[in-house]
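Worksheet: the structure to be examined is printed underneath.
All heavy atoms count here, side chains included; hydrogens, waters and symmetry mates do not. What you see is a predicted model; the values in this text were computed from it and never measured.
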Amino acid sequence: MFSLFYKDKVDLMLGLKIVIASLLLFFAQTSTAEVERHGSTETLVFGVVPQQAASTLARAWGPLLAEVSQNAKLDLRFATAPDIPTFEARLAKGEYDVAYMNPYHYVQFNQSLGYQVLAKEQDKKLRGIIVVAKDAAYNNLEALSGKTIAFPAPGAFAASMIPRANLKQRNIDFSAKFVGSHDSVYLGVSKGLFKAGGGVGRTFNNLPAETKSKLRILWTTPGYTPHAIAVHPRVSQSTRNILVDQLAALSESQQGLALLNTLGFSALNPASDSDWDDVRALKLGELSIPLKEGH
């Protein structure tokens, strides 16, 4: 009788332990699920203007976005487009939560969709140049009135849009010829096919000595606010603040500086919408050729 009672008591205790363990496991799993559901990492699609091949951009931007993701406790996913028109179309549809876009894109999509800037490259100004043949008699922009001027593409911001807008503001009449690339501009001017051409200092300085020796820079444009890193209005203010802080913090570590240098940046600074008022003053929407491409 005693042995039977003891056995029943042992079974009862064992059963209670199993029940308690099961309840603890249930509550632990439920708690974990709730944390995962409410505290899951926010995913943001980060679009980059396709100035280069997608694979090249991914190699340059991927490590930087991974660093910011880790520090910001966010998931920034790299994205781009096969060409500028597609990138613009995706911006217009709001497919990018965050985007690195040229100044004209920012002015456009800030107005139409409410994209808000987070940051821009520190101490950077975009400038275009107009080159002529080295022995040409032209000494000022007015001398190009009535001439045909070569440009890389309608939407090449510094090499085409800025020079054309400045010429328009000065009431200098000219014909624009779009030849596809900076190198084609320089080669065409050096061969006498065009009286002048638009470019930027970097591509001009990288020319082969033979071509460069036949050209000179007639005029350099004023400097304008560079590309913007901006967010779609659906991104919360708290997330925006985190992103601004972490983008600015990149230049404070050796790892971050190395990642910035890969992109040719020295640092990223917080920016304000009014920083692009100089670009708005160009009235780029009034140019006769619509935006189609960009560099």
Side-chain angles (χ1 to χ4, degrees), residues 40-51 57 60-62 64-81 84-126 155 157-158 161-162 223-252 256 259-260 263-285 291 294:
S40 59
T41 302
E42 183 179 2
T43 298
L44 300 173
V45 178
F46 192 110
V48 177
V49 61
Q51 295 172 304
L57 291 174
W61 281 91
L64 184 144
L65 295 183
E67 178 76 5
V68 175
S69 293
Q70 180 177 335
N71 295 336
K73 305 298 188 291
L74 298 168
D75 181 11
L76 297 176
R77 298 190 178 178
F78 170 84
T80 188
I84 294 292
T86 305
F87 180 74
E88 291 173 346
R90 292 175 181 175
L91 277 174
K93 293 177 183 176
E95 292 187 16
Y96 304 125
D97 300 299
V98 193
Y100 175 71
M101 60 186 83
N102 79 29
Y104 182 46
H105 287 150
Y106 176 67
V107 169
Q108 271 191 313
F109 293 107
N110 166 257
Q111 180 179 3
S112 63
L113 288 182
Y115 269 91
Q116 288 296 316
V117 67
L118 299 176
K120 63 179 176 65
E121 189 178 350
Q122 176 180 287
D123 300 328
K124 174 75 173 182
K125 290 290 187 180
L126 296 181
F157 182 75
M161 300 190 84
I162 292 177
Y224 292 89
T225 307
H227 290 51
I229 296 177
V231 293
H232 192 278
R234 66 173 166 266
V235 177
S236 70
Q237 186 62 53
S238 60
T239 298
R240 296 182 197 185
N241 293 340
I242 292 169
L243 284 170
V244 169
D245 290 344
Q246 293 305 320
L247 289 169
L250 284 169
S251 59
E252 297 174 5
L259 295 171
L260 288 167
L263 292 170
F265 299 165
S266 60
L268 291 169
N269 282 352
S272 301
D273 179 68
S274 59
D275 292 338
W276 279 266
D277 284 348
D278 59 341
V279 177
R280 294 183 176 95
L282 286 170
K283 299 180 179 179
L284 296 174
L291 181 65

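The NE2 atom of H232 lies 9.5 Å from the CG atom of L91; values are rounded to the nearest 0.5 Å. We find the CZ-CD1 distance between F46 and I229 to be 4.5 Å, quoted to the nearest 0.5 Å. The CG atom of L263 sits 8.5 Å away from atom CG of L268, with the distance rounded to the nearest 0.5 Å. Atom-to-atom distance recorded for Y115:OH and H105:NE2 is 11.5 Å, nearest 0.5 angstrom. Note that OH of Y100 is 5.5 Å distant from CH2 of W61, once rounded to the nearest 0.5 Å. The structure places CG of L284 at 4.5 Å from CE of M161, a figure rounded to the nearest 0.5 Å.
The heavy-atom pair separating V279 from P103 by the smallest distance is CG2-CB, 3.9 Å. The shortest non-hydrogen separation linking V45 to A79 is CG1-CB, 3.7 Å. Closest of all the heavy-atom pairs between T80 and P50 is OG1-CB, 3.6 Å.
Checked against a 6.0 Å centroid threshold, the rings of W276 and Y106 count as neighbours. Aromatic pair F87/Y96: centroids less than 6.0 angstrom apart.
The closest side-chain heavy-atom distance from L282 to I162 is below 4.5 Å. Taking 4.5 Å as the limit, some side-chain heavy atom of R77 sits within range of a side-chain heavy atom of T43.
Screening residues 102-115 for salt bridge (charged side-chain N to carboxylate O under 4.0 Å, His left out) gives no qualifying pairs among residues at least two apart or on separate chains. Applying the salt bridge (charged side-chain N to carboxylate O under 4.0 Å, His left out) definition to pairs two or more places apart or across chains, those involving residues 96-107 are D97-R234.
Residues forming a side-chain hydrogen bond (donor to acceptor under 3.5 Å, both in side chains) with D275 (at least two apart in sequence, or on another chain): none. Here S112 pairs with nothing under the side-chain hydrogen bond (donor to acceptor under 3.5 Å, both in side chains) rule; sequence neighbours left out. Residues passing the side-chain hydrogen bond (donor to acceptor under 3.5 Å, both in side chains) test with R280, sequence neighbours excluded: N110, D273, D277.
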| field | side chain to side chain donor-acceptor pair (under 3.5 Å) between T41 and D75, intermediate numbers included | value | CA-CA 6 Å; T41 302; D75 181 11; over 6 Å; no

| request: Apply side-chain contact (heavy atoms from CB on, under 4.5 Å) to H227 and E121, showing your working. | output: CA-CA 7 Å; H227 290 51; E121 189 178 350; over 6 Å; no

With a 3.5 Å cut-off and sequence neighbours excluded, list the donor-acceptor pairs that the side chains of residues 237-250 form with protein atoms.
residue, atom, partner, partner atom, Å
Q237, NE2, N241, OD1, 3.0
S238, OG, S236, OG, 3.1
T239, OG1, E42, OE1, 2.8
T239, OG1, S236, OG, 2.9
R240, NE, V235, O, 3.0
R240, NH2, P233, O, 3.2
R240, NH2, V235, O, 3.3
N241, ND2, Q237, O, 3.4

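Within a 6.0 Å sphere centred on NZ of K125, heavy atoms belonging to other residues, nucleotides or ligands number more than 12.
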